[in-house]
Visitor: 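Quick one: the structure is below, and I'll ask about it shortly.
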Amino acid sequence: MNANDKALSKGLHIDTLAVREALPRTAYGEHSEALFLTSSFVHPDAATAAARFAGEEDGFLYSRFSNPTVASMERRLAALEGTEDAIGTASGMGAILLLMLGLLQAGDHVVCSRSVFGSIIKLIGGEFSRFGVESSFVPQDDIAAWKAAIRPGKTRLLFAETPTNPLTEVCDIRALADLAHDCGALLAVDNCFCTPVLQRPRELGADLVVHSATKYLDGQGRVIAGAVCGTTELIEGRLLPVQRSAGISLSPFNAWVVLKGLETLGLRMLAHSARALELARWLQAQPGVARVHYPGLESHPQHALAMRQQDGQGGAVLAFELAASNPEEARRRAFHVIDQTRLCSITANLGDTKTTITHPATTTHGRLKDEQRQAAGIGQGLIRLAVGLEHQPDIQADLARGLGTLA
Ligand SMILES: *Cc1c(COP(=O)(O)O)cnc(C)c1O
């Protein structure tokens, strides 16, 4: 801390923390947080270097371990999530890899929702099974199934994502936390879709919160980044030592982009949600649309839970199913609606200011077998939208073009 800095007081609102929480300014008094593009750090003398490497004195050593820009991003995100600590990672998947490497060993067992992001299923169920970590995948909203899957003395981790992609299924974070703690396991929640602006899993009992900062935390589609938030004991005690040797580290440049993205997160998430809700309501009234999946709609099976858990907001992502008499017709209609858009970007990514549109059955979920896709509820007539920040009537008109000319 130097003369250019004042300490933040306690109890500040999340919007204030999103703008203000960071490492202290340097002696230059820069107003915007500095970008430290440096791989290593110098020490005043050999004894100080020795003390810092031995962990007896604080200080930056090497950017694989930590870096001031990365540390500012971590502090700001931890403040928003209401956790003691956070650690930045090279990607969202890197965050989950680090969490698994830091917490598990051969013989341990993980229970995971079967509706999580596809790469997570491959990582937990595929890669980690090669190293003797076992896993069970259960229906997202069926607490009894989660409970039945627990293997006493072996289950160390419950992993959930809520709401999920693309069907926006919600799970009860508090109920899962209780279940995890009853059997001595930890609950990790992927908070990518809601962000701490809408949902704070820590307050609901989750032990760890995982982020793909690539999505809404940056929010402008610029970088790949990730983070894990939790107690100092878990982050510094269990994950940081692995990060130091495994090097799934976040680049300072990407951390800086996310750090600045966080400053507008509160405004963006509310604006995304407002547009998504209006579009969901409008889609529901269109004759060619059979069903709309969006937690903000009263017709969503877990609407009440979602509103309680997500600060009364539905988030940015919705999916809708086109009416059709068979899968071929459903796919043809879905492609028609997608191809008639001129504004929406045809891309599987999400978490951008630009609205994206995708056909899950042939993109994000294209590698699944037919019966797996059916079990997951992903039909050929399903379209996913990640609603951006364009003027809502413009997005609506973009979708109306195809919906109004369905054959
Ligand atoms: C994109 C995504 C991830 C993976 O994040 P990357 O930054 O692409 O590695 C994890 N979870 C969810 C819910 C995602 O949408």
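The figures here come from the full heavy-atom set of this structure, side chains too, leaving out hydrogens, waters and symmetry mates. Start at 1 and go down the list; that is how both ligands and their atoms are numbered.
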Visitor: How many angstroms lie between OG1 in T362 and CD1 in I338, if you round to the nearest 0.5 Å?
Guide: 7.0 Å
Visitor: Need the ligand 1 atom indices (1-based, order shown) with element for anything under 4.0 Å from a heavy-atom of G92.
Guide: 5 (O), 6 (P), 7 (O), 9 (O)
Visitor: I need the minimum non-hydrogen distance between P327 and Q380, along with the two atoms involved.
Guide: O-CB, 3.5 Å
Visitor: Could you pull out the closest heavy-atom pair between R332 and A407, with the gap in Å?
Guide: NH1-O, 3.3 Å
Visitor: Counting non-hydrogen protein atoms only, what is the nearest one to atom 4 (C) of ligand 1? Give residue, atom name and distance.
Guide: F117 CE2, 3.5 Å
Visitor: Identify the heavy atoms of M269 and L198 that sit nearest to each other, and give their distance.
Guide: CE-CD1, 4.1 Å
Visitor: Within the 4.0 Å heavy-atom shell around M93, which atoms of ligand 1 are there?
Guide: 4 (C), 5 (O), 6 (P), 9 (O)
Visitor: Identify the protein heavy atom lying closest to atom 2 (C) of ligand 1, giving its residue, its atom name and the separation to 0.1 Å.
Guide: K215 NZ, 2.5 Å
Visitor: Distance only, no hydrogens: is a donor on one side chain within 3.5 Å (strictly under) of an acceptor on the other, for Q199 and N191?
Guide: yes
Visitor: Are the aromatic rings of H293 and F320 close, with centres under 6.0 Å apart?
Guide: no
Visitor: Can you list the ligand 1 atoms lying under 4.0 Å from a non-hydrogen atom of A225?
Guide: 7 (O)
Visitor: Just to confirm my output: which protein heavy-atom neighbour is closest to atom 7 (O) of ligand 1, and how far is it?
Guide: T214 OG1, 2.6 Å
Visitor: What atoms of ligand 1 come closer than 4.0 angstrom to any heavy atom of D190?
Guide: 10 (C), 11 (N), 12 (C), 13 (C)
Visitor: What orientation do H272 and Y216 show, parallel under 30°, tilted 30 to 60°, or perpendicular over 60°?
Guide: perpendicular
Visitor: May I ask you to identify the nearest protein heavy atom to atom 8 (O) of ligand 1, giving residue, atom name and distance to one decimal place in Å?
Guide: S212 OG, 4.1 Å
Visitor: Any idea which atoms of ligand 1 are less than 4.0 Å away from a heavy-atom of E161?
Guide: 13 (C)
